[in-house]
There are 2 protein chains.
Amino acid sequence: MTTRTKPTFRETMLQAREDAILDAVNRLLATKGFELMTVDEVVADVGIAKASLYKHFDSKEELAAAAMQRVLATAQSVAADLQADASLGPLDKLKGVTRWAMQTQLAGQMPSLPSHNQTLRAALGAHKGYTDSLFGLSEQLEQWIEGALADGSLRSSLPPTLMLYTVFARACDPVLGFLRGSLPDAELVESVLDATFHGLAHPLKAGS
Amino acid sequence: MTTRTKPTFRETMLQAREDAILDAVNRLLATKGFELMTVDEVVADVGIAKASLYKHFDSKEELAAAAMQRVLATAQSVAADLQADASLGPLDKLKGVTRWAMQTQLAGQMPSLPSHNQTLRAALGAHKGYTDSLFGLSEQLEQWIEGALADGSLRSSLPPTLMLYTVFARACDPVLGFLRGSLPDAELVESVLDATFHGLAHPLKAGS
DNA sequence: GTCTATAAGAGGATAGAC
DNA sequence: GTCTATCCTCTTATAGAC
């Protein structure tokens, strides 16, 4: 952020405050979504005044974009760890990041991305950090999909972009919310993962 | 509604107006979702005064519930047609209703159900027509799932409730919106249907 | 039942003192 | 940068005439 290697105490405090704000935003975005989340709730949660928050972020949309960027950065980090694991094939890596996304949603820490809000979409598109992280993550996933198609572990009859978006969609899959509680979280995640990659139907009797 | 077999002209007009209102609500709910839909938009679309709308429906939540009930009633009708077709097995029937749900979403006529809105959820739960239709449709789907499990066309290793909710989830799958335009709607629907029931991975090389 | 006009309140954003 | 107090717009819902 600056040329200084060691941040001042003041910088550290500001960073910590911004992190606290984004923690609250992330949680509220995950539980209520963008429209239902209010700035008043955010500041009440963090324990600061609303005007103070607006010194850090220009608008509610900027707030959401910053929180989403942080999640995407974490996802990129998870992806990098998976990529570094030589024991995993491309399909395993795809499953790994999908598993992480679902676990994060169940933990109440995955902001729900699919918003019909045009204002929010515009703000996200204009947010450099967000689009960069999204693009970088997509590139990694696309590379794995290509690899899995090449080694025959993904079906070549399906469009690769459909596979990419299907992985993203698991991050906000409502099925997880509906089924949580009826079976342990770990089993739930593995079941949805199984259904996503191997389907609901029996492979031997797959008809039409 | 009354003991009269032939509705009066006045009753016909009122019914027609309510249908026009629900048409607008349905479309707005599909494109913007509950929070972003405003009652002002609805009345502007129908061409009536806001106070007139509130003579028909007590609240915005009631409005949404009535629209959702209508969609569920249509779904039940579609399911009944599929059930009457003796040439179809239970898995084909499940696929049929899933296909209809996705086509309806692409047509901009599927209200997005997954709302974090607690007030809306309460209103839906209290709406007899809505819960009855939802329950009836679920029963039919569960019956098909049981049948498909019995004849071996659905995988017995997955929880039946997961299958039920997965079918419902396709009605509001964001993947359809992301991919629309990049390939014809008909192909898109078949691809997502294929991915849902047969998975992204190649059955022969299905690893972990 | 339909209209015009308005109440009532929530929520995003800012002014100005410190 | 942080606070308190306030502005202002949007939105749900209703009052009251016809």
Side-chain angles (χ1 to χ4, degrees), chain A residues 1-2 7-22 24-25 28-29 31-67 115-124 126-127, chain B residues 1-2 7-22 24-25 28-29 31-67 115-124:
Chain A
M1 185 172 284
T2 78
T8 66
F9 177 72
R10 181 172 215 86
E11 283 170 349
T12 303
M13 290 305 292
L14 287 180
Q15 184 60 46
R17 171 149 288 191
E18 290 203 355
D19 280 344
I21 292 173
L22 292 184
V25 171
L28 287 169
L29 235 36
T31 56
K32 321 186 68 170
F34 181 75
E35 279 78 31
L36 260 48
M37 174 186 82
T38 70
V39 179
D40 284 314
E41 281 176 314
V42 176
V43 298
D45 196 336
V46 181
I48 60 174
K50 188 151 56 169
S52 301
L53 183 145
Y54 276 100
K55 294 288 183 182
H56 292 272
F57 302 94
D58 286 340
S59 68
K60 187 186 173 186
E61 284 77 15
E62 284 288 317
L63 209 54
S115 174
H116 297 182
N117 192 322
Q118 197 53 46
T119 310
L120 176 58
R121 296 184 79 89
L124 289 177
H127 194 282
Chain B
M1 185 173 284
T2 77
T8 67
F9 177 73
R10 182 172 213 86
E11 282 170 349
T12 303
M13 290 304 292
L14 286 181
Q15 184 59 46
R17 172 150 286 191
E18 291 202 355
D19 279 343
I21 293 172
L22 293 184
V25 170
L28 287 168
L29 235 36
T31 55
K32 321 186 70 171
F34 181 76
E35 278 80 30
L36 260 48
M37 175 186 80
T38 69
V39 179
D40 284 315
E41 282 176 314
V42 176
V43 297
D45 196 336
V46 181
I48 60 174
K50 187 151 52 171
S52 302
L53 182 146
Y54 276 99
K55 294 288 182 181
H56 292 271
F57 302 94
D58 286 340
S59 67
K60 185 184 174 187
E61 284 77 16
E62 285 288 317
L63 210 53
S115 175
H116 297 183
N117 192 322
Q118 197 54 47
T119 311
L120 177 58
R121 295 183 79 89
L124 289 177

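Quick caveat, the model's predicted, so the values are computed rather than measured. In what follows, chains carry the letters A, B, and so on, assigned in the order in which the sequence lines appear, proteins first and then strands, with residues in each chain numbered from 1.
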For [X] versus [Y], what's the shortest heavy-atom pair and its separation?
X: A:His127; Y: A:Ala65; value: CD2-CB, 3.5 Å
X: B:Leu120; Y: B:Ala64; value: CD1-CB, 4.0 Å
X: A:His116; Y: B:Thr31; value: ND1-O, 3.2 Å

Straight-line distance of [X] [atom1] to [Y] [atom2], nearest 0.5 Å:
X: B:Thr12; Y: B:Arg17; atom1: OG1; atom2: CZ; answer: 14.0 Å
X: B:His56; Y: B:Leu53; atom1: NE2; atom2: CG; answer: 7.5 Å
X: B:Leu36; Y: A:Phe34; atom1: CG; atom2: CZ; answer: 9.5 Å

Gap between atoms [atom1] and [atom2], on [X] and [N] respectively (whole Å):
X: A:Ile48; N: D:dG1; atom1: CD1; atom2: P; result: 13 Å
X: B:Ile21; N: C:dG1; atom1: CD1; atom2: P; result: 12 Å
X: B:Asn117; N: C:dA10; atom1: CG; atom2: P; result: 15 Å
X: A:His56; N: C:dG12; atom1: NE2; atom2: C1'; result: 18 Å
X: B:Leu53; N: C:dT4; atom1: CG; atom2: C1'; result: 16 Å
X: B:Gln15; N: C:dG1; atom1: CD; atom2: C1'; result: 15 Å

- Looking only at side-chain N and O atoms, does B:Ser52 come under 4.0 Å of OP1 or OP2 in C:dG1? no
- Distance check: side-chain N/O of A:Arg17 vs OP1/OP2 of D:dT2, anything under 4.0 Å? yes
- Chi angles and distances behind the side chain to side chain contact (heavy atoms under 4.5 Å, CB included) call for A:Val25, A:Phe57: CA-CA 12 Å; A:Val25 171; A:Phe57 302 94; over 6 Å; no
- If the sugar-phosphate is the primed atoms plus P, OP1 and OP2 and the base is the rest, what is the B/S/- string for nucleotides 12-18 of chain D, using protein heavy atoms under 4.0 Å? BBBB---
- Are the side chains of B:Ile21 and B:Leu63 in touch, meaning some heavy atoms are under 4.5 Å apart? yes
- Terminal axis angle for the helix from C:dG1-D:dC18 to C:dC18-D:dG1, five pairs an end, nearest 10 degrees: 20°
- Message: Does anything in residues 56-65 of chain A form a salt bridge (charged side-chain N to carboxylate O under 4.0 Å, His left out)? List the pairs, not counting sequence neighbours.
- Response: none
